[in-house]
Every structure is written in structure tokens, then in C-alpha cells.
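Below, chain A is the first sequence line, B the second, and so on; all start at residue 1. Only a predicted model underlies this, so the values are computations on that prediction, with no experimental measurement involved.
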Protein chains: 2
Amino acid sequence: MDSDSFIPDIVVGRLPLYLRTLQRMKQEGQCITSSHELGEKLGISPAQIRKDLSLFGEFGKQGTGYQIDYLVEKLRQILHVDKIWDMVVVGAGDVGHALSRYQGFSDRGFQVVMVFDNDPNKVGLEIGPFQIQSTDLMSQVIREKNIQVALLAVPADQAQEAANRLIEAGIKAILNYAPITLTVPKYVYVQNTDPVTHLQRMSYYLNF
Amino acid sequence: MDSDSFIPDIVVGRLPLYLRTLQRMKQEGQCITSSHELGEKLGISPAQIRKDLSLFGEFGKQGTGYQIDYLVEKLRQILHVDKIWDMVVVGAGDVGHALSRYQGFSDRGFQVVMVFDNDPNKVGLEIGPFQIQSTDLMSQVIREKNIQVALLAVPADQAQEAANRLIEAGIKAILNYAPITLTVPKYVYVQNTDPVTHLQRMSYYLNF
DNA sequence: TAGATTGTTAATCGATTAACAATC
DNA sequence: TAGATTGTTAATCGATTAACAATC
């Protein structure tokens with residue numbers, strides 16, 4: 001291991017999958033696993049899993065494998081989800097609604113703390129456990145609470161402008177649900193989840 | 001070009017992004033673009049875009065670039081979205097609800113035709129423009145209508161079983177919203193959209 | 001024509017895998 | 001001990017980029 005070495009982003013992208021699967025094994029009462037078993041479940045080669053993990057340390061034991069508890073803890077530290085990140089939801093449509101009520105965040109290092117919409121008719125309405133806030137207050141709240149993560153669920157033609165405002169207010173990571181490629185500074189991280197691009201990636205292989 | 005050659009999946013994965021951006025340019029009235037301009041918008045090198053496209057044919061003109069209309073049409077054919085694929089939504093929770101009402105499918109080659117849930121208390125309720133159907137009818141409907149695409153939005157602990165039933169009924173492509181790695185035969189395509197794995201990929205780079 | 005941009009080749013770069021000594 | 005599995009190196013494989021002739 002060489003803890004100062006550069007970690008390829010493609011490796012970083014696999015770590016959450018390892019963590020998710022390990023936590024599931026743990027939940028099912030399992031205590032130990034191997035790169036072979038984990039790879040089997042994920043469709044990833046055992047060698048790749050060992051190589052990925054070895055970039056961060058030596059977490060296993062020859063002849064035995066990996067203690068699930070310990071590896072989960074290490075991965076949570078590596079991915080910075082050994083705390084809970086506050087997030088804002090921007091856009092109180094159907095997607096924003098689903099995100100506001102999603103139960104799966106808090107176990108895994110995140111929580112929604114506020115929901116914003118620029119439609120005055122929506123402001124004040126209940127959405128899950130939140131009251132919809134005006135986007136007029138957005139920058140201030142983000143700055144005051146030092147929020148770094150945003151879930152962007154506005155229509156495509158408003159997404160870039162909303163992203164600009166979020167970044168200006170200090171947001172560093174955006175999970176973008178709008179079907180558009182955002183232009184952002186290098187220090188801002190974006191992940192896209194447009195359902196249609198995923199579908200089109202599959203329809204390529206389908207026959208009519 | 002060599003139309004019989006194997007296309008790497010990583011290339012297939014970029015084509016929907018090209019298509020999405022080109023359709024947006026078209027919508028804004030633009031007629032011509034270049035690999036340079038497209039790459040600029042997507043954060044992809046011009047050489048890569050030209051190379052990717054050249055795997056499928058010669059779509060551009062030296063000195064000029066690409067006719068957007070023509071390239072859009074070709075990409076739609078390549079990705080098999082020059083028709084509309086029928087889809088079923090499985091799971092009528094918040095995510096299923098958002099998917100059932102999502103306005104962005106039909107423009108881009110897909111449409112939801114039915115929504116299923118195994119909760120008898122939900123069956124019959126309205127969800128967007130649909131009535132929730134019992135999963136008892138699911139296999140039959142999928143088979144009769146020859147549906148190949150499913151949006152899977154059930155809780156994690158029911159996802160594998162639901163996937164098994166879908167595959168058994170003839171589903172070939174699953175967009176999986178459950179935070180779990182599905183085990184499927186090789187002829188079935190799965191894309192995952194777990195929001196938390198995306199978030200964790202970003203939190204790795206964030207500082208407390 | 002001069003400038004621009006394609007399609008394609010060859011070179012570079014990076015990621016994956018095979019193999020094995022170390023060791024539990 | 002014998003069997004299993006790690007961490008790591010070197011080899012292989014694949015993807016990206018640089019460069020340029022062709023040509024609009």
C-alpha cells in the first residue's frame with residue numbers, strides 16, 4: 001500500500017458497491033468473506049477486488065479472507081460516510097418528492113435537511129417530513145449550514161441555472177436528475193442519473 | 001468502418017449522451033456541430049467522439065462537421081430508439097410513482113404501459129395515468145404484450161425475487177432502483193440507479 | 001484557394017488479470 | 001501440516017489520444 005498514491009476514479013466508483021454488498025452480508029449475519037465470494041456476488045474478478053482494496057491498506061488475512069465488520073468500517077472511513085452528510089433537495093416535483101421521502105439515505109451516510117422550489121404556489125406545502133422552502137432562501141441556508149451536497153431535481157431547462165446558484169452558495173457535490181450535462185468548475189463533483197440514458201444503453205442490445 | 005466489429009460497452013454507454021446533447025442542440029435551432037463543440041459540452045475529447053462514431057459509419061463531412069438532424073437519426077437507429085419501447089413499472093411506492101408520471105420517456109424512445117404492486121391495498125388505486133395492477137397478473141401481461149423492459153422500484157429485499165419473475169416472463173432489460181446487485185442470466189441487461197452509490201462516489205472526494 | 005474538420009492509424013496510457021510467494 | 005486466501009508483481013489487454021492525410 002502507498003497511501004499517498006493517486007486512486008483512479010474507476011476504483012472509487014467500485015468501493016460503494018463493495019460497501020453495499022458487505023453491509024448486506026453483515027445484515028444477514030455473515031462475519032467473514034473472501035474476494036472470491038464478494039466478486040461472485042458483484043460480477044467482478046477476485047483479483048480486481050484485492051487490488052482495489054490494497055490501494056488503501058491491508059484489510060484481509062491470508063487463508064481466511066476479510067472480517068466483514070472491519071472492512072465495512074474501513075470502507076466507511078475511506079468513502080467519508082462514517083458521518084452523515086446534510087443534503088438539500090432542489091425541485092419539489094415527483095422526483096424531489098420521492099427523494100424527500102426516501103428511507104435509504106441515513107443508514108448509508110446522508111440525510112435530506114431541506115427541500116426548495118421556485119414555484120410560489122408550492123412553497124409552504126408539506127413534502128414528506130419537510131415544508132417546501134422558497135429558493136430565495138436557498139443560498140443563505142446552504143452557506144449557514146455549510147451544506148456541500150445537493151440533489152437536483154428541477155426541469156432540464158432550469159438545471160444549469162440552479163446548479164450555478166448552488167455552486168455559488170458552496171455546494172461541492174451534485175446528484176443531477178435532470179437529463180442534461182451540467183457545466184461546473186473542476187472542484188465540483190457531479191453524478192448523473194438520467195433514467196433514459198440508462199435505458200438507451202440497454203435498448204442498444206435489444207431486438208425489436 | 002467495419003459494421004461487423006464488436007462495439008465496446010463503454011462506447012455504447014456514451015452514445016446516449018451524444019444523442020441527448022445533439023437533441024438539445026437541435027431543439028435550440030442548431031443544425032451543424034463538430035466533434036470539438038460536442039466534446040466541449042460533454043467533457044469528452046473530440047478524438048474520442050470521432051472514434052466512437054466511426055465504429056458505426058461515416059456521419060460527418062470534412063471541413064464542416066456533423067449535420068445534427070442526420071446524426072440524431074442515425075444514433076436513434078443505432079440505439080434502437082427509433083421506436084417506442086413499452087415498459088412496466090414494478091412497485092408503486094414513491095419511486096414507482098415518480099416513474100409512472102415521468103414526462104421525459106416518450107420523446108426518447110420509451111413509455112410506461114402498466115404499474116404493478118403486490119400490496120392488495122394498493123391494487124386499483126390511481127398512480128399517475130394508471131391504475132395499480134396486482135402482480136398476480138404481471139407475468140401474463142408481459143408475455144402477451146411482449147414487453148422487454150422493466151423499471152424495478154420495489155424494496156431491496158424483494159428485488160431479486162421480482163427480477164426472477166420478470167425474467168421468467170420475458171423481460172430482457174431491467175432498470176433497477178433497488179440498492180442491491182441483481183443476479184441475472186447473461187442475456188438480461190441490468191442498469192442500476194442507486195442514489196447512494198452515486199453519492200458515496202462523490203463523498204470520497206469531499207472534506208468534512 | 002485557405003481554413004477547418006473528418007476518419008483512421010499508430011503511439012500512449014491505463015486498467016485488468018494471471019500467477020505466485022507469503023502466511024494464516 | 002495441508003488448504004486456503006491474501007497482497008503484489010509482471011504480463012496482458014483494452015481504451016484514449018495525438019497526429020495527419022484526405023477532403024469539404
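- For B/Y66 and C/dG7, the shortest distance from a side-chain N or O to OP1 or OP2 is below 4.0 Å.
- Residues B/D52 and A/I44 both approach DNA chain C. Their nearest nucleotides, taken by heavy-atom distance, put B/D52 toward the 5′ side.
- Aromatic ring orientation, B/H80 versus A/Y204: parallel (interplanar angle below 30°, classes split at 30° and 60°).
- For the pair B/R50 CZ and C/dA4 P, the interatomic distance rounds to 15 Å; values are reported in whole Å.
- The side chain of A/K51 sits closest to D/dA10 out of D/dC24, D/dT17, D/dA10.
- In this pair, B/H97 and A/H97 present their aromatic rings tilted. The plane angle is within the 30 to 60° band.
- Shortest non-hydrogen contact noted between B/I32 and B/T64 is CG2-O, 3.8 Å.
- Mapping A/S45 and A/T64 onto DNA chain C via the closest heavy atom, the residue that lands nearer the 5' end is A/S45.
- At whole-Å resolution of the value, CZ in A/F59 and P in D/dT6 are 14 Å apart.
- Here the P atom of nucleotide D/dT5 and the CD atom of A/E40 are 13 Å apart, to the nearest Å.
- Between A/R76 and A/E73 there is a salt bridge, with a side-chain nitrogen of the basic residue lying less than 4.0 Å from a carboxylate oxygen of the acidic one.
- To the nearest angstrom, P of D/dT6 lies 11 Å from CD of A/E37.
- Taking atom CD of residue A/Q48 and atom C1' of nucleotide D/dT5, one finds them 18 Å apart after rounding to whole Å.
- Checking C/dC24, D/dA15, C/dA18 against every side-chain atom of B/P8, the shortest atom distance belongs to D/dA15.
- Remark: C/dA11 base-pairs with D/dT16; criterion is Watson-Crick or G-U wobble with both hydrogen-bond distances under 3.5 Å.
- Comparing C/dC24, C/dT16, D/dT16 by their nearest atom to the side chain of B/I10 picks out D/dT16.
- Checked against C/dT16, D/dG7, C/dT6, the side chain of A/S54 finds its nearest nucleotide in D/dG7.
- In this structure, the nucleotide among C/dT6, D/dC24, C/dT16 sitting nearest to the side chain of B/K61 is D/dC24.
- The partner of C/dG3 is D/dC24, by the rule that a Watson-Crick or G-U pair needs both atom distances under 3.5 Å.
- Looking only at distances, a side-chain donor or acceptor of B/Q103 sits under 3.5 Å from a matching main-chain atom of B/R101.
- Comparing D/dT5, D/dC20, C/dT16 by their nearest atom to the side chain of A/S34 picks out D/dT5.
- Taking atom CG on A/L55 and atom P on D/dT8, their separation rounds to 9 Å, with Å as the unit.
- Following rounding to the nearest Å, B/Q62 (CD) and D/dA21 (C1') show an atom-to-atom distance of 10 Å.
- One can place CZ of A/F56 at 14 Å from P of D/dT8, the figure rounded to the nearest angstrom.
- Between B/S35 and the phosphate of C/dT6, there is a side-chain N or O to OP1/OP2 separation shorter than 4.0 Å.
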